[in-house]
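Encoded as structure tokens, the structure appears first; notes follow it.
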Amino acid sequence: MLSEVRRGATDAGRDFEKMPKAVELFVEYTDDTEKVVESFKKYWAGAMIPALFLNKIYTPAMSAQNGKVVGRDTIQKSVCISGDPEKHIEYVKKYIDAGFTHFYFHSAAGDQIDFLERYGKDVLPALKKMG
């Protein structure tokens with residue numbers, strides 16, 4: 001992914017090394033895999049297929065229709081699901097090592113305040129120390 005960004009930056013006359021490199025990561029800070037799979041299947045499965053970005057899918061209904069083909073195995077591979085902060089740190093570290101500098105954490109948790117408070121306390125400080 002970053003090689004494409006590098007090529008685009010070069011083509012645009014930009015310095016790739018000085019550019020921020022952002023990625024959105026699906027995460028759930030819980031061990032309730034069943035609840036996570038159902039939540040993502042209901043609300044975000046359409047975002048887990050390349051057709052959303054490659055084809056003309058304009059509406060939430062179109063996204064939901066395309067998302068019906070997404071199985072639980074795809075969701076489990078696409079989302080870091082764990083109540084263990086170390087697993088989240090390891091997951092994000094792969095992206096840090098790949099060169100990403102900015103992260104957007106996407107959670108479909110029902111209680112967003114609880115997610116933000118716990119993730120902010122247990123996971124984010126360790127990631128911040130990594131640079």
Side-chain angles (χ1 to χ4, degrees):
M1 183 184 323
L2 286 177
S3 63
E4 294 296 319
V5 174
R6 181 184 297 276
R7 183 170 45 242
T10 301
D11 290 350
R14 304 266 320 266
D15 184 347
F16 173 79
E17 299 305 322
K18 293 182 180 177
M19 293 174 58
K21 289 112 184 140
V23 64
E24 179 180 11
L25 302 175
F26 289 127
V27 298
E28 287 300 345
Y29 197 39
T30 180
D31 289 317
D32 190 345
T33 302
E34 290 303 315
K35 187 174 181 180
V36 170
V37 168
E38 289 309 310
S39 182
F40 267 87
K41 193 142 183 57
K42 183 175 181 180
Y43 298 110
W44 294 104
M48 295 182 173
I49 57 171
L52 179 68
F53 307 101
L54 302 174
N55 299 321
K56 295 178 180 179
I57 297 176
Y58 298 114
T59 68
M62 292 171 79
S63 177
Q65 180 181 5
N66 281 276
K68 288 180 181 177
V69 301
V70 176
R72 69 178 290 107
D73 58 328
T74 299
I75 293 170
Q76 286 180 273
K77 289 178 187 173
S78 302
V79 182
C80 179
I81 306 169
S82 178
D84 179 355
E86 291 302 318
K87 293 213 187 265
H88 286 269
I89 293 163
E90 289 171 25
Y91 178 73
V92 177
K93 186 174 181 327
K94 291 183 234 175
Y95 291 89
I96 292 170
D97 292 346
F100 287 95
T101 59
H102 292 72
F103 300 90
Y104 299 92
F105 297 101
H106 181 140
S107 167
D111 187 341
Q112 292 288 294
I113 300 294
D114 179 63
F115 167 79
L116 290 170
E117 288 175 349
R118 292 184 313 110
Y119 214 73
K121 183 180 107 217
D122 299 340
V123 179
L124 297 181
L127 295 176
K128 188 173 183 177
K129 286 180 185 175
M130 292 176 155

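Just so you know, residue 1 is the first one in the sequence shown, and it goes up from there.
At least one test fails for K21 against the ring of Y95: distance under 6.0 Å to the centre or angle within 45° of the axis.
Taking each heavy atom of A45 and K41 in turn, the nearest pair found is CB-O, 3.6 Å. In this structure, M19 and A9 approach most closely via the heavy-atom pair SD-CB, 3.5 Å. Between S39 and A108, the closest heavy-atom pair is OG-O, 3.1 Å.
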- Task: Please report the C-alpha distance between M130 and I89 in whole Å, then the side-chain angles of each, then the deciding distance to 0.1 Å, and finally whether the side chain to side chain contact (heavy atoms under 4.5 Å, CB included) criterion is met.
- Result: CA-CA 10 Å; M130 292 176 155; I89 293 163; 3.4 Å; yes

- Can you check side chain to side chain donor-acceptor pair (under 3.5 Å) on D114 and Y29, steps first, answer last? CA-CA 10 Å; D114 179 63; Y29 197 39; over 6 Å; no

- Task: Begin with the C-alpha distance, continue with both residues' side-chain angles, and end with the deciding distance and a verdict on side chain to side chain contact (heavy atoms under 4.5 Å, CB included) for F103 and L127.
- Result: CA-CA 10 Å; F103 300 90; L127 295 176; over 6 Å; no

- Carefully, step by step, assess F16 and T10 under the rule side chain to side chain contact (heavy atoms under 4.5 Å, CB included). CA-CA 7 Å; F16 173 79; T10 301; 5.5 Å; no

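Note on K35 versus E28: no salt bridge recorded, every NZ/NE/NH1/NH2 to OD/OE distance being 4.0 Å or above. A salt bridge links R6 with E17; the closest basic N to acidic carboxylate O contact falls under 4.0 Å. With respect to R7 and E4, a salt bridge is recorded, a charged nitrogen being found less than 4.0 Å from a carboxylate O.
Taking OG1 of T33 as the start and CD of Q76 as the end, the distance is 6.0 Å to the nearest 0.5 Å. Atom-to-atom distance recorded for I81:CD1 and E34:CD is 9.5 Å, nearest 0.5 angstrom. Between the CG atom in L25 and the CZ atom in F100 there is a gap of 8.5 Å [rounded to 0.5 Å]. With rounding to the nearest 0.5 angstrom, the CG atom of D32 is 10.5 Å from the CD atom of E38. Rounded to the nearest 0.5 Å, atoms CH2 (W44) and OG (S78) are 14.0 Å apart. The distance from the CD1 atom of I75 to the CZ atom of F26 is 9.5 Å, given to the nearest 0.5 Å.
Taking hydrophobic clusters as Ile, Leu, Val, Met, Phe, Trp and Tyr residues chained together by side-chain heavy-atom distances below 4.5 Å, L124 shares a cluster with V92. Linking ILVMFWY side-chain heavy atoms closer than 4.5 Å, directly or via other members, places L116 and Y91 in a single hydrophobic cluster. In the hydrophobic clustering of this structure, V79 does not group with M1; members are Ile, Leu, Val, Met, Phe, Trp, Tyr whose side-chain heavy atoms approach within less than 4.5 Å, directly or through other members.
Between the side chain of E86 and the backbone N or O of V123, no donor-acceptor pair lies under 3.5 Å. With hydrogens and angles ignored, the 3.5 Å screen pairs a side-chain donor or acceptor of H88 with a backbone N or O of S82. Not one N or O on the side chain of T30 forms a donor-acceptor pair closer than 3.5 Å with the backbone of G83.
In this view, F105 and Y119 satisfy the ring-ring contact (aromatic ring centres under 6.0 Å, His included) rule, not counting sequence neighbours.
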